[in-house]
Protein chains: 2
Amino acid sequence: MSSHTPIGRKVTLNDIAAGCDVSRATVSLVLRGSPLVHKLTRARVEEELRRQGYVYNRAAANLRRRSSSSIALILNDLANPFFAEFAAGVDEALGAAGFVTLLGCTGESAEREQAVLGSLLEHGPGGIILSPAEHSNAHDVLAVVGKRAPLLLFNRELGGALPEFAHWDQLMLDNQRGARLATEHLIARGHQRIAFFGGHQDSSSCRQRHAGYVEAMRAAKLRIEPDWRIECAPTRLDAAHRTSALFDATHVPTAAVCYNDAVALGLMLGLHQRGLRPGRDFALTGFDDIAEAALGMPPLTTMSTAPHERGRQAAQLVLQRLQQPQAASRQTIAPVQLVVRESSCPPPNA
Amino acid sequence: MSSHTPIGRKVTLNDIAAGCDVSRATVSLVLRGSPLVHKLTRARVEEELRRQGYVYNRAAANLRRRSSSSIALILNDLANPFFAEFAAGVDEALGAAGFVTLLGCTGESAEREQAVLGSLLEHGPGGIILSPAEHSNAHDVLAVVGKRAPLLLFNRELGGALPEFAHWDQLMLDNQRGARLATEHLIARGHQRIAFFGGHQDSSSCRQRHAGYVEAMRAAKLRIEPDWRIECAPTRLDAAHRTSALFDATHVPTAAVCYNDAVALGLMLGLHQRGLRPGRDFALTGFDDIAEAALGMPPLTTMSTAPHERGRQAAQLVLQRLQQPQAASRQTIAPVQLVVRESSCPPPNA
DNA sequence: AGTTACATTTGGATCGTTCTAATCAGGCAA
DNA sequence: TTGCCTGATTAGAACGATCCAAATGTAACT
């Protein structure tokens, strides 16, 4: 049936109209399920649609209606399972609402981010979900996006002052509270010398998590040694390399709050290489609850951020914004949840 | 500058034309860098474009030109790092060629696959890259896609007979050769009792890998016990659970060729739980070379499939197809490479 | 001046849809 | 008869770009 479609040409409303002797307009009404059309003609038209294998041309419709049926999703790093899960969640929710996802990866390059934003805007997305590249700044993003589409900022804040007339929505994780909870958990287990391990100072999420750690330590009246903050790239490999820095400290810690799961898994590796057993001789926590966390050796105590669910939430937020373009901008902070596993043991001497 | 854009209305060619007193057609020529326009007018027009903050409407252009600037990428499981990397590669190459990626996730559901295909087709993609869901079949895919866009099948074959007039391109991994190489490597290390662990019979990639294993064993004149083939879902968790099946065999193997890395890592976990040290007491290999493989305990010997590179390759193949719609369909088989690490030790008694 | 050649510009139709306002047939009340 | 509603249909102008043929201007050469 549909294989009879002429090779090059696409079937249009005109073809259907001609095929069952009604006007283009009527066919259009049928497609949109209007109650205006007569039952019998509707049946005739629907039969013809099937017969010719018609597919709707949303681009043409969007042009005429000045509407959009797509959302741009721009990610700094799709290879990171956290963002991959997030993307899957976004796509799921958008799809359910009849929208399609325009994907763009920036690979942590602010330059590419500019290019990708520009290119995606030409396709007229109804909105944008942006997880910015590391050194992306508000000014540049504003220059290219302007008021051409509403923007939802995810996961990271933008560098530079945010011009007040750009009121963007935000969806952030509750980094500070998460790190505070993790630290409190270690303290409750009896630890007193706790380090903060991994991440970069200039990442907003890292600063927030560190702040949560400090908050918990202060509240418990525990001392924080300056060499208990160890920076490294948020990757397993770099974390493993930096492990020794923990034991060069004047007061060697018995536990570490890690910037994220990748770092924590790397630290585990580094501990193993030093002959220490994570979860026995040294306690640690992660952040993100990626799939591998539960299956580590030992399983990792971490903060669950539910990236898939966050993706759905992000999609919802943009869709709501589309329906109320003038509403005040929203700053959403998604809760995180402590997942206790075996890596957060009591200190060895206890 | 661009903030002066009137809020609701978008800037069009007409606005620019009016703004610098030329015709719409001339502005269009400028946009496309035609050599026809005079240097001076070009400069005037470009200035006006900048001044009004014009952004190109690719949908309108595509409508008129009957062209497309997007490719649909449909994946069975984006949360899997293999596919996430693949997607990043696709997006990178498409972006470089001025195309945009329309993302669609099916979550291994053939039903959703149908829906997603239908929905994405309405946006008129120039081509489709499809990594099919587990039980997807050729007939259904053909029914919805027809000749409306060229399709590139990635990673898996479709169930059911492939109607001969649907000549789709394919990009597959060299599964059989990969598994054969892995098996030969273990044999060279001195193993004689080697199991094939993980995956489902009804997955084409699993059948191919198993065939490669059998080929290598036969060539080395090694016996294959029937209970050396253990099935499980391609996840770490299920693999860990099924570990015991290896040791229930009448002749206990000393090594295993695993369906993929996830399974291999799960098997490592299961071995640990039985008090066996993978890479010391038992040898094993994976498939895919995902990021965690290099960092496992011990690091995993596996087959590198370079998913990012495969993504770029897939993009290239579709783009080539767009330029030569009538060329004969291509079956590409991507090479895989053995990466030897510590998990593939010699047998303990050797 | 008249013709030709060339470089530049442009009006209007067009892509496949939706929208607005108009049309048309029929029934029913006055 | 006329008028008026009501339900079903439709012609034709949009949307924002591109394409084509035709028009314009300028300079050069008979």
Checklist entry - With under 30° as parallel and over 60° as perpendicular, where do the rings of Phe154(B) and Phe82(B) fit, or are they tilted in between? => result parallel
Next on the checklist: Quick one, Glu47(B) with Arg44(B), criterion salt bridge (Lys or Arg N to Asp or Glu O under 4.0 Å). Give me CA distance, side-chain angles, the key distance, then yes/no.
Outcome noted: CA-CA 5 Å; Glu47(B) 166 58 20; Arg44(B) 247 172 55 228; over 6 Å; no
Next on the checklist: Can a donor-acceptor pair be found, under 3.5 Å and without considering hydrogens, that links the side chain of Asp169(B) to the backbone of Arg330(B)?
Outcome noted: yes
Checklist entry - Can Ser28(A) and Arg24(A) be said to form a side chain to side chain donor-acceptor pair (under 3.5 Å), step by step? => result CA-CA 6 Å; Ser28(A) 176; Arg24(A) 200 166 61 244; over 6 Å; no
Item to check | Of residues 17-30 of chain A, the positions that come close to DNA chain D - non-hydrogen atoms, cut-off under 4.0 Å | outcome: Val22(A), Ser23(A), Arg24(A), Ala25(A), Thr26(A), Leu29(A)
Next on the checklist: Closer than 4.0 angstrom, basic N to acidic O: yes or no for Arg312(B) and Glu309(B)?
Outcome noted: yes
Next on the checklist: Can you pull out every salt bridge (Lys or Arg N to Asp or Glu O under 4.0 Å) where at least one residue sits in residues 107-124 of chain B? Sequence neighbours excluded, please.
Outcome noted: Arg58(A)-Glu122(B), Glu108(B)-Arg156(B)
Checklist outcome for this item: Note: chain B reaches DNA chain D at heavy-atom distances under 4.0 Å over the stretch, first to last nt, 5' to 3', of dG16(D) to dC19(D)
Checklist outcome for this item: Ordered by number, residues from residues 57-71 of chain A within less than 4.0 Å of DNA chain C (heavy atoms) are Asn57(A), Ala60(A), Ala61(A), Arg64(A), Arg65(A)
Checklist entry - Given the rule in the side-chain contact (heavy atoms from CB on, under 4.5 Å) test, do Leu120(B) and Ile74(B) qualify, once you have shown the distances and angles that lead to the verdict? => result CA-CA 9 Å; Leu120(B) 290 190; Ile74(B) 305 178; 3.8 Å; yes
Next on the checklist: Evaluate Phe86(A) against Asn155(A) for side-chain contact (heavy atoms from CB on, under 4.5 Å), listing each step before the verdict.
Outcome noted: CA-CA 11 Å; Phe86(A) 176 78; Asn155(A) 188 53; over 6 Å; no
Checklist entry - Among residues 120-128 of chain B, which residues get a heavy atom nearer than 4.0 Å to DNA chain D? => result none
Item to check | Tyr54(A): which of Asp15(A), Val45(A), Leu31(A) passes side-chain contact (heavy atoms from CB on, under 4.5 Å) | outcome: Leu31(A)
Checklist entry - Do Asn62(B) and Ser69(B) get their side chains close enough for a donor-acceptor pair, meaning under 3.5 Å? => result yes
Next on the checklist: Can you see whether Ser23(A) engages Thr26(A) through a side-chain donor-acceptor pair at a distance of less than 3.5 angstrom?
Outcome noted: yes
Next on the checklist: Between Thr101(A) (side chain only) and Leu103(A) (backbone N and O only), is there a donor and an acceptor less than 3.5 Å apart?
Outcome noted: no
Next on the checklist: Reading DNA chain C in the 5' to 3' direction, which nucleotide is the first one with an atom under 4.0 Å from a heavy atom of chain B, and which is the last?
Outcome noted: dT8(C) to dG16(C)
Checklist entry - In Å and rounded to the nearest 0.5 Å, what is the OG1 to CD distance from Thr12(A) to Gln52(A)? => result 8.5 Å
Next on the checklist: Please check this pair: side chain of Arg310(B) against backbone of Val90(B), looking for a donor-acceptor N/O pair closer than 3.5 Å.
Outcome noted: no
Checklist entry - Can you tell me if CD on Gln323(B) sees more than 12 non-hydrogen neighbours from other groups inside 6.0 Å? => result no
